[in-house]
Amino acid sequence: MMAKLGYCEINGINLSRRSRKAVSDVKEIMRNGNIFSTAVSTIPLFQIFASPSITTTVVETGITIREYHWDLFARAMNSAAPIVRNQIFKVAYEQEIFTYGKEREFWRCVSEASK
């Protein structure tokens, strides 16, 4: 058997039921983080181009693009990754504490990678 999550890969390991659940949890956290990032990235498109009451002409659209709060948008986009990594770390570190042997080695790799 082999356990693999990201670049953490351990051969000759049988994950416990608890660890398999934790792997599933980590994958769900990653999926939700991707959904969040995708949703946040579409906000400017809707606010700039799908708001006819704000932008009715090309010039108004250009002004809206120029005056958009891009710094706030960038901060929102950049905040997703640390939140996802922190959530993954919490799951992995708990598993690292309560496992041993190769299973602990696997979770140590995941927790270190998520710091």
- prompt: Which value, rounded to the nearest 0.5 Å, describes the distance between Ser114 atom OG and Asn86 atom CG?
  reply: 8.0 Å

- prompt: Apart from Ile97 itself, what residues make up its hydrophobic cluster when side-chain heavy atoms of I, L, V, M, F, W and Y under 4.5 Å apart count as a link, directly or indirectly?
  reply: Phe89, Tyr93, Phe98

Pairs satisfying disulfide bond (SG atoms under 2.5 Å apart), at least one member in residues 69-115, at least two apart: Cys8-Cys109

task: State which residues pass side-chain hydrogen bond (donor to acceptor under 3.5 Å, both in side chains) with Arg85; sequence neighbours excluded, sorted by chain then number.
output: none

- request: Kindly state each residue pair satisfying side-chain hydrogen bond (donor to acceptor under 3.5 Å, both in side chains) with at least one member in residues 98-107, sequence neighbours excluded.
  value: Ser16-Glu103, Ser19-Glu103, Ser19-Trp107

field: For Ser24, side-chain contact (heavy atoms from CB on, under 4.5 Å) partners two or more places apart
entry: none

query: At what distance, to the nearest 0.5 angstrom, does CD1 of Ile10 lie from CG of Leu15?
result: 10.0 Å

message: Restricting to side-chain hydrogen bond (donor to acceptor under 3.5 Å, both in side chains), what partner residues turn up for Lys21, sequence neighbours left out?
response: Asp25

query: Rounded to the nearest 0.5 Å, how far does CD of Glu96 lie from CZ of Phe106?
result: 11.5 Å

- prompt: Got a donor-acceptor contact below 3.5 angstrom from the Ser111 side chain to the Arg108 backbone?
  reply: yes

